[in-house]
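Worksheet for the structure shown next.
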Amino acid sequence: MPLPDETGAAPRLPRRLLLLGLAAQAPDPLAAILAPLAAVRESRATFVEEKELPELERPLLSRGLLAWRAPDRLEKHTIEPVEERFLLEGEVLTIERRGERRQVALDAAPEIRPLVEAVRATLAGDAATLRAHHRVAASGGPARWRIELAPLSSRVRAAVQRIVLEGEAGAILLVETQGRDGRSSMRISPVR
């Protein structure tokens, strides 16, 4: 604590130190965004996904259902144009497509984990996991928010440079990915 000067007044802190102290006390926008998401234990939604790929003249559209159950179950069921299902439970990703089913352990596929954790950790309100796999920038507040993620792994960044999630309160409404081979935009409508 600064000592008073000869007039008895406490000395003024340099402006830079004062601003650093105020910044340290500022609320973490990511924590404010994730708190309402963490409170949601189960949710369902429909989605429309648009993928832009350089080899296609028009974007590829798909539609389907999403389901979340805390703490770690996430399902994406594409209904059209081709039925497929991605089910993430714990540390195992199950992929069903054209009558074939395969399972992938996340530890055996380190390039997949940051991509699935972008959504799963956001839904779980898990800032530590988001930061373990991405450089995170959050803006807005609990009512309307945006999270930008840049994968930390150079191996993942070779495929996906950026993931953007936008939402309101405890719901993700948009997931965009920008990758080397194109862009994907998924619009999500919660089922109430």
Side-chain angles (χ1 to χ4, degrees), residues 33 37 43-68 72-124 126 129-140 144-168 171-191:
I33 291 167
L37 288 156
S43 64
R44 296 193 176 285
T46 60
F47 73 85
V48 176
E49 185 172 23
E50 184 176 291
K51 292 181 183 177
E52 295 174 5
L53 303 170
E55 60 271 13
L56 298 178
E57 289 181 21
R58 298 182 243 188
L60 177 62
L61 287 176
S62 60
R63 301 177 195 286
L65 305 169
L66 299 169
W68 161 252
D72 61 6
R73 186 182 193 279
L74 179 62
E75 181 178 5
K76 178 185 178 191
H77 181 187
T78 302
I79 297 170
E80 56 183 53
V82 175
E83 187 167 8
E84 65 182 4
R85 185 182 314 261
F86 291 85
L87 175 61
L88 180 63
E89 286 187 286
E91 298 299 304
V92 177
L93 174 63
T94 302
I95 303 165
E96 295 178 16
R97 186 181 304 149
R98 294 185 179 104
E100 293 182 24
R101 177 184 173 142
R102 71 180 182 145
Q103 292 188 318
V104 179
L106 291 182
D107 287 339
E111 68 280 1
I112 294 175
R113 184 181 288 278
L115 303 175
V116 298
E117 292 299 4
V119 175
R120 181 168 72 171
T122 299
L123 287 168
D126 185 351
T129 297
L130 281 176
R131 288 185 172 126
H133 297 286
H134 302 92
R135 190 178 68 239
V136 180
S139 59
R144 182 83 179 135
W145 51 267
R146 178 181 174 98
I147 299 172
E148 292 187 37
L149 305 171
L152 295 174
S153 162
S154 58
R155 190 172 173 184
V156 175
R157 259 193 334 272
V160 176
Q161 290 79 45
R162 184 176 74 129
I163 303 166
V164 175
L165 299 104
E166 294 182 359
E168 294 178 353
I172 298 174
L173 302 178
L174 174 72
V175 177
E176 289 183 344
T177 58
Q178 180 66 50
R180 181 188 64 184
D181 295 331
R183 182 183 149 282
S184 170
S185 178
M186 181 188 299
R187 300 218 174 265
I188 300 168
S189 300
V191 175

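No hydrogens, no waters, no symmetry mates; every other heavy atom, side chains included, goes into these values. Note that this is a predicted model, so its numbers are computed, not measured. We count residues from 1, following the sequence as given.
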Identified side chain to side chain contact (heavy atoms under 4.5 Å, CB included) counterpart of Phe47 within the set Ile79, Leu65, Leu66, Leu174
Leu66
Arg135 atom CZ, neighbour heavy-atom count above 12 within 6.0 Å
no
Nearest heavy atoms of Val156 and Pro151, plus distance in Å
CG1-CB, 3.6 Å
Glu166 side chain near Arg144 side chain, heavy-atom distance below 4.5 Å
yes
CZ of Arg44: more than 12 outside heavy atoms within 6.0 angstrom?
no
To the nearest 0.5 Å, atom CG of Leu165 lies from atom CD1 of Ile188 at 8.0 Å
Would you check, one step at a time, whether the test side-chain contact (heavy atoms from CB on, under 4.5 Å) holds for Arg98 with Glu84?
CA-CA 7 Å; Arg98 294 185 179 104; Glu84 65 182 4; over 6 Å; no
Which atom pairs, donor and acceptor, lie under 3.5 Å between side-chain atoms of residues 99-115 and protein residues at least two apart or in another chain?
{"unit_1": "Gln103", "atom_1": "NE2", "unit_2": "Thr94", "atom_2": "OG1", "d": "3.1"}
{"unit_1": "Asp107", "atom_1": "OD1", "unit_2": "Arg113", "atom_2": "NH2", "d": "3.0"}
{"unit_1": "Glu111", "atom_1": "OE1", "unit_2": "Arg155", "atom_2": "NH2", "d": "3.4"}
{"unit_1": "Arg113", "atom_1": "NH1", "unit_2": "Glu91", "atom_2": "OE1", "d": "3.3"}
{"unit_1": "Arg113", "atom_1": "NH1", "unit_2": "Glu117", "atom_2": "OE2", "d": "3.2"}
{"unit_1": "Arg113", "atom_1": "NH2", "unit_2": "Glu91", "atom_2": "OE1", "d": "2.2"}

Nearest 0.5 angstrom please: Glu49 CD to Leu61 CG, how far?
9.5 Å
Measuring from Glu176:CD to Arg162:CZ, what's the distance to the nearest 0.5 Å?
6.5 Å
Say you draw a straight line from CG of Asp181 to CG of Leu53; how long is it, rounded to the nearest 0.5 Å?
7.5 Å
Step by step, work out the side-chain contact (heavy atoms from CB on, under 4.5 Å) result for Glu89 and Glu75.
CA-CA 9 Å; Glu89 286 187 286; Glu75 181 178 5; over 6 Å; no
Roughly how far apart are Glu52 CD and Arg183 CZ, rounded to 0.5 Å?
4.5 Å
Is there a side-chain contact (heavy atoms from CB on, under 4.5 Å) between Leu37 and Trp145? Walk through the geometry before answering.
CA-CA 11 Å; Leu37 288 156; Trp145 51 267; 3.9 Å; yes
Scanning both residues in full, the closest heavy-atom pair of Leu173 with Pro190 reads CD2-CD, 3.7 Å
Using every non-hydrogen atom in the two residues, find where Asp72 and Arg120 come nearest and quote the distance to one decimal.
O-NH1, 3.2 Å
Do you know which two heavy atoms are closest between Trp68 and Arg73, and how far apart they sit?
CE3-O, 3.2 Å
Show the nearest heavy-atom pair for residues Gly179 and Gln161, with the distance to one decimal.
C-OE1, 3.2 Å
Might you work through the side-chain contact (heavy atoms from CB on, under 4.5 Å) test for Lys76 and Thr78, ending with a clear yes or no?
CA-CA 6 Å; Lys76 178 185 178 191; Thr78 302; 3.9 Å; yes
If every non-hydrogen atom of Glu148 is compared with every non-hydrogen atom of Val164, which pair is closest and at what distance?
CG-CG2, 4.0 Å
Taking atom CD as the centre, does Glu55 end up with more than 12 heavy-atom neighbours from other residues, nucleotides or ligands that are less than 6.0 angstrom away?
yes
CD1/Ile147 to NE2/His134 distance, rounded to the nearest 0.5 angstrom?
11.0 Å
Residue of the set Val160, Val136, Thr177 for which side chain to side chain contact (heavy atoms under 4.5 Å, CB included) holds with Leu149:
Val136
